[in-house]
Amino acid sequence: METPENEIFRDSISTITEEGKRAWVYPKKPKGVFYEYRKWVSYFLLIFLFSSPFIKVNGNQFLLFNVLERRFNIFGFPFWPQDFHLFVISMIIGVVFITLFTVAFGRIFCGWICPQTIFMEMVFRRIEYWIEGDRGKQMRLNRQPWNAEKIRKKGLKLAIFLIISFLIANVFLAYLIGSDRLIKYITDGPFNHIGTLIPLIIFTAVFYFIFAWFREQVCVIACPYGRLQGVLLDTKSVVVAYDYKRGESTNGRKKIRKNEDREALGHGDCIDCFQCVNVCPTGIDIRNGTQLECVNCTACIDECDHIMESINLPRGLIRYASEENIKNKVPFKLTARIKGYIAVLLILIGILTGMFFLRNDVEANVLRLPGQLYEHKENNIISNVFTYKLVNKTTNNIEDVTLKLLSHKGHLKLVSTSKDFIVPSQGIAEGTLFIEINNAALSGDRNKIKIGVYAGETLIETCTANFLGPRSYK
């Protein structure tokens, strides 16, 4: 089946030529209202990104994703392997939240919040504009032979790119191993910690490759989020859209001529100036409709509004709008689909909030020692040996810790050489204990017992374990 002529653009992507080679994109430097808003949002997020590993809340790093040691901090709340269910629910909430905004407002995340877009458009491209100039100057610089000017500009740009990539890699590492450890490694000397230096060099190389060469192809080729548009978007989703009814009218778009009556000629407001294409960071023509490559960055909106103002036509030929709004002038409203996502999101947030309130600062696990049966002692006493593990999730030491048997009359003895039992801050205390219970208090060969963990006289946690005894033949 042949592709319709007006849909041929969907057979290829804008960053690849017909010969299969890389089509380098030289976007024009954007300017306008939306671009100014995006700059402020980007600056805030960059400050947040670079400062989060160094902010402490109750002694905990604000954001930490230590995968190797399975320790995570989210907004200052520490998550241990025992809290993995909370971490999973938090991630699901994040996915549902992004899905909800995609259904309602398209790829607004990509254009305004995504770190790739922020670094590429608000850091690296701005440096490129500063050193090499705008679109036309960059194209001329790349075409000219390698002379002193080209070597100086390209060398300076790539050197700055490398420094920034190295800085980003350090911040990225601070999220993984913790800012305190990173600072310690730096002060000790990088070569004293080769195991960390090598990943740092690899991260630097990856970021340099992405921002110096791969660039917008991350959004077009590597990122799966753009492909989700086909599933999540519908005609009611608000996206960066070209008003084809106004722009094309009855006889299509046409370059403007002085003193002509475009309305009488049947031509739309689009003057075919291609400025929306020139300013696009992924090199697409927004007039072709919603496309995989569009990241909703609003650069085309600002550029088109500027052109419309210069020829005394109304702004908004390209704007945030839905297909329904453009075609039938239907305003945005919450659909059943959006309401469903909102309901799911609120339920998940409620579940997570409840789990946070039920979450204990201390996690206790007592397990019977594998392979060990019970021991029958004098006076009809049954003894079992257990291992215990106490996890302190707080930033304070828990002192004067004792374990007591709550469910049965009996004795609990810790195998410990230390007189003072302390669970260190954000640490683990583990060891062995014996529990002795009179056989008369047992019911059968398997009994559920309850153990309390006390800090002084305060009960801070309870747990259960299986206690083995002689089989009853009644």
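FYI, side chains are in, hydrogens and waters are out, and symmetry mates aren't considered; it's all heavy atoms of this structure.
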For R22, check salt bridge (Lys or Arg N to Asp or Glu O under 4.0 Å) against everything at least two apart and list the hits.
-> E216
Rounded to the nearest 0.5 Å, what separation is found between the CZ atom of F97 and the OG1 atom of T102?
-> 10.0 Å
Sequence neighbours excluded, every pair satisfying ring pair (Phe, Tyr, Trp, His ring centres under 6.0 Å) that has a member inside residues 431-471 | none
Run the numbers on Y208 and F161 for ring pair (Phe, Tyr, Trp, His ring centres under 6.0 Å), then give the verdict.
-> CA-CA 7 Å; Y208 183 77; F161 280 10; 7.2 Å; no
Please examine the side chains of L390 and E363, heavy atoms only from C-beta on, and report whether any two atoms are closer than 4.5 Å.
-> no
Flag if over 12 foreign heavy atoms under 6.0 Å of OH, Y185 | yes
Looking only at atom types and distance, does a side-chain atom of N73 sit under 3.5 Å from a main-chain N or O of N60, one as donor and one as acceptor?
-> no
Evaluate whether atom NE2 of H411 has more than 12 neighbouring non-hydrogen atoms of other residues, nucleotides or ligands under 6.0 angstrom away.
-> no
What distance do L292 atom CG and I284 atom CD1 have between them, rounded to the nearest 0.5 Å?
-> 9.0 Å
Side-chain donor/acceptor of S179 to backbone N/O of P53, under 3.5 Å | yes
Flag the pair F386 / L367 as yes when at least one side-chain heavy-atom distance between them is below 4.5 Å, and no otherwise.
-> no
What class does the angle between the rings of F172 and F203 fall in, given that below 30° is parallel, 30 to 60° is tilted and above 60° is perpendicular?
-> perpendicular
Shortest non-hydrogen pair, S383 vs K377, comes out as CB-CE, 4.0 Å
Considering all heavy atoms, the nearest C110-C114 contact = O-CB, 3.6 Å
State whether the number of non-hydrogen atoms from other residues, nucleotides or ligands found under 6.0 Å of K389 atom NZ is greater than 12.
-> no
Minimum side-chain heavy-atom gap Y175-L63 below 4.5 Å | yes
Hey, is CG on D188 packed in by over 12 heavy atoms from elsewhere, all under 6.0 Å?
-> yes
With a 4.5 Å limit on heavy-atom distance, are the side chains of R319 and N325 in contact?
-> yes
Within 6.0 angstrom of W130 CH2, more than 12 heavy atoms from elsewhere = no
Output, in order, the C-alpha distance, side-chain angles, deciding distance and verdict of side chain to side chain contact (heavy atoms under 4.5 Å, CB included) for L468 and Q372.
-> CA-CA 10 Å; L468 297 184; Q372 294 291 322; over 6 Å; no
Option passing side-chain contact (heavy atoms from CB on, under 4.5 Å) with E303 (candidates T298, I318, V279) | V279
Mind checking whether V401 and I422 have side chains closer than 4.5 Å, heavy atoms only?
-> no
Output the distance between atom CZ (F77) and atom CG (L86), rounded to the nearest 0.5 Å.
-> 11.0 Å
Side-chain donor or acceptor of R107 paired with backbone N/O of V239 under 3.5 Å | no
Does atom NZ of K450 have more than 12 heavy-atom neighbours from other groups under 6.0 Å away?
-> no
Is the backbone of E399 close enough, under 3.5 Å, to the side chain of N397 for a donor and an acceptor to pair up by distance?
-> no
Would you say D83 and K393 make side-chain contact, with heavy atoms under 4.5 Å?
-> yes
Are more than 12 heavy atoms from other residues, nucleotides or ligands located less than 6.0 Å from atom CZ of F209?
-> yes
Derivation of the side chain to side chain contact (heavy atoms under 4.5 Å, CB included) call for F332 and Y320 | CA-CA 11 Å; F332 174 77; Y320 275 119; over 6 Å; no
Verify the neighbour count for atom NZ of K39: are there more than 12 heavy atoms of other residues, nucleotides or ligands below 6.0 Å?
-> yes
Positive for salt bridge (Lys or Arg N to Asp or Glu O under 4.0 Å) with E128, one of K154, R135, R215 = R215
Distance-only, no hydrogens or angles: does the Q291 side chain make a donor-acceptor pair with backbone N or O of G289 under 3.5 Å?
-> yes
